Amino acid sequence: MGTNLDIAPVLGLTHDQWIERAKPLGVRPGYASEIYSRFYRTGSVGPDFATPVPRPSRILTTPSPEGDVHKFLLPVSGMVRASDGSAAEWLTSESVVIPMMGRARKRHTLCVSSQIGCAMGCGFCETAQMGLVRSLTPDEIVGQWFAARHHLGHEISNIVFMGMGEPLDNIEAVLQAIRVLTDHRGPALAMSGVSISTVGRLDGLARLREQVCSTGWRKLNLAVSINAPNDEIRSRIMPINRAMPLAELVRMLEGWPLRSSAAICAEYVLIPTVNDAPEHADELAALLAGVRCCINVIPYNPRRNSPWPAPEETAVAAFIDRLREHGAYVKRRRTKGRDTMAACGQLGAAEIRRRRLVELGVEGGVKAS
Ligand code: SAH
């Protein structure tokens with residue numbers, strides 16, 4: 001049996017894929033299976049591995065009424081160096097563990113990143129300000145679950161792709177990560193506990209629709225950042241809309257293969273003076289009338305150097321009431337972790353934007369992207 005195994009394939013492959021991969025390395029299928037299950041269940045790798053397990057380099061904690069919110073950074077391969085020549089640092093992914101009040105016991109949702117930075121350029125989002133640095137690999141996405149489960153020690157019942165990045169810009173890696181996360185011999189998450197949130201790229205949605213129609217994927221949840229009631233406003237705050245306008249997006253959502261009890265989550269970041277007027281609520285309700293959805297109103301969390309403030313509580317309540325008058329099904333997302341920049345749309349290391357990427361090679365067996 002091997003003693004120099006790399007941990008990345010265990011994180012990036014399903015149980016069956018890992019067994020196939022391990023064979024040519026001289027690891028018997030029975031033993032490979034045992035390593036896999038033990039790794040995911042206990043977080044321990046045993047003596048066979050030469051590379052370290054994912055370990056957060058920083059954890060920031062904010063109290064919330066439902067428990068502490070933890071944002072953590074996980075080093076991934078690739079380095080950045082300040083233009084002033086100071087010490088180089090590993091790139092980091094960012095994830096957030098969010099406590100949710102359950103009926104019986106406390107549940108945790110893990111918000112994961114699919115990319116470092118993002119290419120979508122949405123005007124209200126912190127991550128957009130850093131641009132796209134690179135996409136994450138499946139093992140780097142699953143590594144975020146590993147760190148939350150085995151370093152922070154939380155039971156994770158839900159995973160949402162709402163951290164840094166546009167999941168549909170990295171769709172194959174995201175789908176592979178979901179295969180691993182839902183493998184019953186691995187993290188064993190329920191497919192119904194996984195949500196992908198997207199700006200609504202039509203090509204990516206077409207690929208995702210094909211996947212959702214295959215066995216085992218029907219319960220995957222879809223969230224779409226609608227964020228505006230019309231093309232004029234949406235194109236202003238979300239550049240993707242200039243190429244893929246709302247009418248086509250809404251048509252795609254109207255035809256989405258939903259289970260009978262399910263709904264699409266239509267996210268709407270409420271930004272003062274931009275999209276919070278009563279007429280906007282009227283227009284939004286009409287726009288989504290044919291889509292089986294829950295409108296998730298998210299009070300805007302100011303990014304760094306934001307031109308807009310957070311909305312007043314009364315404005316949020318008024319907007320939601322107005323939508324409900326039209327018969328819409330509406331939920332309000334509770335803001336958690338705003339002061340550690342852990343809330344929606346606030347992920348993204350400020351430092352990276354001031355640095356340039358340098359090629360420093362690869363250390364410690366960490367796989368290059
Ligand atoms: N790229 C994906 C996932 C990341 S953003 C997407 O756009 O859906 C996750 C959610 O946070 C999206 O609904 C997004 O619109 C919202 N969001 C982005 N910036 C925000 C901010 N500053 N305040 C509140 N929500 C924000």
Side-chain angles (χ1 to χ4, degrees), residues 71 93-96 98 109-132 135-136 141 144 158-171 173-174 177 194-202 204-205 208 221-229 233-234 236-241 244 246 249 253 264-276 284 288 293-311 315-316 319 331-348 350:
K71 163 170 153 178
S93 66
E94 302 193 12
S95 327
V96 188
I98 308 154
T109 292
L110 174 65
C111 175
V112 294
S113 296
S114 56
Q115 300 180 310
I116 296 184
C118 183
M120 293 294 102
C122 301
F124 47 85
C125 180
E126 177 70 20
T127 309
Q129 313 299 307
M130 65 195 267
L132 177 63
S135 284
L136 294 173
I141 297 172
Q144 298 171 58
N158 295 78
I159 289 215
V160 297
F161 284 83
M162 296 186 188
M164 287 196 284
E166 166 50 40
L168 298 190
D169 266 3
N170 187 22
I171 178 95
V174 166
V194 182
S195 300
I196 290 187
S197 175
T198 170
V199 295
R201 291 191 62 128
L202 297 170
L205 282 171
L208 188 62
N221 299 290
L222 175 65
V224 181
S225 300
I226 300 292
N227 292 348
I233 297 176
R234 196 163 190 266
R236 221 177 330 128
I237 57 177
M238 297 180 70
I240 184 79
N241 196 71
M244 300 177 182
L246 270 171
L249 175 57
L253 301 182
I264 291 170
C265 171
E267 296 163 295
Y268 193 92
V269 181
L270 195 72
I271 313 174
T273 72
V274 174
N275 62 4
D276 66 338
L284 179 67
L288 297 176
C293 67
C294 173
I295 303 177
N296 208 193
V297 175
I298 311 173
Y300 171 64
N301 298 306
R303 60 168 171 81
R304 293 183 177 90
N305 308 316
S306 172
W308 313 291
V316 179
F319 195 83
K331 279 188 191 164
R332 186 214 145 120
R333 190 172 297 176
R334 297 277 149 203
T335 303
K336 293 173 190 153
R338 207 180 257 171
D339 57 348
T340 49
M341 293 298 279
C344 299
Q346 292 190 311
L347 300 183

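Residues take their numbers from the sequence shown, with the count starting at 1. Whatever order the structure lists them in is the order used to number ligands and atoms, beginning at 1. Owing to the predicted nature of the structure, the values given are computational and were not obtained by experimental measurement.
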Any side-chain donor near an acceptor of the partner, S114 and E166, under 3.5 Å: no
Show the short N or O contacts, below 3.5 Å, that ligand 1 makes with protein N or O atoms; if there are none, say 'none'.
residue: ligand 1; atom: 1 (N); partner: G165; partner atom: O; Å: 3.0
residue: ligand 1; atom: 1 (N); partner: E166; partner atom: OE1; Å: 3.1
residue: ligand 1; atom: 7 (O); partner: S225; partner atom: OG; Å: 3.2
residue: ligand 1; atom: 8 (O); partner: S197; partner atom: OG; Å: 2.6
residue: ligand 1; atom: 8 (O); partner: T198; partner atom: N; Å: 3.3
residue: ligand 1; atom: 8 (O); partner: S225; partner atom: OG; Å: 2.6
residue: ligand 1; atom: 13 (O); partner: S225; partner atom: OG; Å: 2.9
residue: ligand 1; atom: 13 (O); partner: E267; partner atom: OE1; Å: 3.2
residue: ligand 1; atom: 13 (O); partner: E267; partner atom: OE2; Å: 3.1
residue: ligand 1; atom: 15 (O); partner: S225; partner atom: OG; Å: 3.4
residue: ligand 1; atom: 15 (O); partner: N227; partner atom: ND2; Å: 3.1
residue: ligand 1; atom: 22 (N); partner: F124; partner atom: O; Å: 2.9
residue: ligand 1; atom: 22 (N); partner: N301; partner atom: O; Å: 2.8
residue: ligand 1; atom: 23 (N); partner: N301; partner atom: N; Å: 2.9
residue: ligand 1; atom: 23 (N); partner: C344; partner atom: O; Å: 3.3

With sequence neighbours excluded, residues passing side-chain hydrogen bond (donor to acceptor under 3.5 Å, both in side chains) with N241: D231, R234, S235
Shortest non-hydrogen separation from G337 to Q346 and the atoms involved: O-OE1, 4.1 Å
Atom of I159, atom of V112 and distance for their closest heavy-atom approach: CG2-CG2, 3.9 Å
Aromatic plane relationship, F319 with Y268 - under 30° parallel, 30 to 60° tilted, over 60° perpendicular: parallel
Candidates R303, R338, R304 - the one meeting salt bridge (charged side-chain N to carboxylate O under 4.0 Å, His left out) with E126: R304
